[in-house]
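Each remark here refers to the structure printed beneath this line.
Chain naming here is simple, since letters A, B, ... match the order of the sequence lines and numbering starts at 1 in each.
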2 protein chains.
Amino acid sequence: MTKRSYEQLACPIARSLSVLGDQWTLMIVRDALMGVRRFEGFQKSLCLSRNLLTRRLRHLVEEGLLTKEKIHGSRRFEYCPTQKCKDLLGVLVTFSEWGEQWCPDPEGPLVDIRHTVSGKAVGMRPLLLENGTEISPAEVELAQLREKDS
Amino acid sequence: MTKRSYEQLACPIARSLSVLGDQWTLMIVRDALMGVRRFEGFQKSLCLSRNLLTRRLRHLVEEGLLTKEKIHGSRRFEYCPTQKCKDLLGVLVTFSEWGEQWCPDPEGPLVDIRHTVSGKAVGMRPLLLENGTEISPAEVELAQLREKDS
DNA sequence: AATTTTAGTTGACTTTGTGAACTGATGCTT
DNA sequence: AAGCATCAGTTCACAAAGTCAACTAAAATT
């Protein structure tokens, strides 16, 4: 991915987006977390151009979100999500919830996020970190702590 | 923003990304939620080209994330976040947490997300929707419910 | 051994983004 | 009221990134 002008800024949202903020990267991550492992699998699922997929997969490997590993008993390889990639589940859950609420599809959801043990649907809720009490999003505020460098 | 090939797909993550998934849109949303309201404010904060900012703001207004409103007692106007935009707070919180964990900045965070009542830091935690019990992200799975149209 | 599948690469073309200069209002100062 | 600064864009030349289709070569299948 291109170097972004905000890449070295001290904002964690900006830093995340400098890694993940292009057209396809989060879709590739979504597919990887759904079990897609190979080049043709991503290409058929997403219908993006093959040379761009090559670049995006390379980028995700460089950023440590995927590993390129030999498939057991074969000389081919597969792309496996790392913990860094799996930790994007929360991002995907919040995107999914927002999409369900604000861009609903009459046919209902295609992707479903469930607890493997109980089989129940999973959602995200903001919490106070210290004691775990749930609070209202309306009571939450984003603030800038200090001036940016440039 | 460009029409994306996955735009009408039945996945809520894909639909969200078709609205939000370009280089700058979520950064503009972040700024809007931090209180930036005017063209020059966004431009100085983000250092993106002015004609692109024009397009992105127009896009966000068309998508119902911002409104363009006259400033009281002036003939100038400002861009105000709608509820649809404010509901992206959860997305920004999860991006922020991921960025803090996986792309840490030695100088510490620039953006801070706090509960206005208690002043405490806010985080996101996956929950079982029905009873509110907290579960481990490792126990969560993404699944495709049905085949895509194309 | 021949065919198909996989995982790319290559190159022409199109789209999108950048940077700097320009415009024409509005608002501020004296 | 005149002059200058700020605001919110637009315009244009250029650079970067994405798309599409065809091609390649190795691996797997029949």
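Scanning all heavy atoms of the two residues, the minimum distance from His115(B) to Val122(B) falls at N-CG2, 3.6 Å. Summarising the geometry of Ser45(A) relative to Arg30(A), their closest heavy-atom pair is OG-NH2, 4.1 Å, with the distance given to 0.1 Å.
Per the geometry, CG belonging to Leu46(B) stands 11 Å off P belonging to dT18(C), to the nearest Å. Taking atom NZ of residue Lys70(A) and atom C1' of nucleotide dT6(C), one finds them 15 Å apart after rounding to whole Å. One can place NE2 of His59(A) at 12 Å from P of dA17(D), the figure rounded to the nearest angstrom. Look at CD1 on Ile71(B): it is 11 Å from P on dC7(D), rounded to the nearest Å. As rounded to whole Å, 17 Å separates atom P of dT26(C) from atom CD of Glu78(B). dG19(C) atom P lies 14 Å from atom CZ of Arg55(B), rounded to whole Å. Nucleotide dA8(D) holds its C1' atom 6 Å from the CZ atom of Phe77(B), rounded to whole Å. Atoms CZ (Phe42(B)) and C1' (dA8(D)) sit 13 Å apart, rounded to a whole Å.
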Q.
Using the rule given for side-chain hydrogen bond (donor to acceptor under 3.5 Å, both in side chains), can you reason through Asp22(A) versus Thr25(A), listing the C-alpha separation, both sets of side-chain angles and the distance that settles it, and then say yes or no?
A. CA-CA 6 Å; Asp22(A) 73 292; Thr25(A) 300; 2.2 Å; yes
Q.
Go through it in stages, so that I can follow the logic: the residues are Glu40(B) and Arg50(B), the test is salt bridge (Lys or Arg N to Asp or Glu O under 4.0 Å), and I'd like the CA-CA distance, side-chain angles, deciding distance and then a yes or no.
A. CA-CA 9 Å; Glu40(B) 299 294 324; Arg50(B) 305 174 69 79; 2.7 Å; yes
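Checking the phosphate oxygens (OP1, OP2) of dA21(D), no side-chain nitrogen or oxygen of Ser49(A) falls inside 4.0 Å. Residue Arg56(B) has a polar side-chain atom (N or O) positioned under 4.0 Å from OP1 or OP2 of dG17(C). An OP1 or OP2 oxygen of dC7(D) is reached within less than 4.0 angstrom by no side-chain nitrogen or oxygen of Tyr79(B).
If you run side chain to side chain contact (heavy atoms under 4.5 Å, CB included) between Thr67(A) and each of Val61(A), Thr82(A), Leu60(A), only Thr82(A) comes through.
In this structure, Lys70(A) fails the cation-pi test against Phe77(A), since its NZ or CZ atom is not both closer than 6.0 Å to the six-membered ring centre and inside 45 degrees of the ring normal.
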(Q) At under 4.0 Å between heavy atoms, how does the protein contact nucleotides 10-15 of chain D? Give one character per nucleotide, 5' to 3', with B, S or -. (A) BBB---
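In the set dT26(C), dT6(C), dG9(D), the nucleotide with an atom closest to the side chain of Lys68(B) is dG9(D). Comparing dA7(C), dG18(D), dT18(C) against the side chain of Leu52(B) picks out dT18(C) as the nearest.
As judged by a 4.0 angstrom heavy-atom cut-off over every strand, Arg75(B) is placed among residues touching the sugar-phosphate backbone only.
When atom types are taken as modelled, the side chain of Thr116(B) and the backbone of Val140(A) share no donor-acceptor pair closer than 3.5 angstrom.
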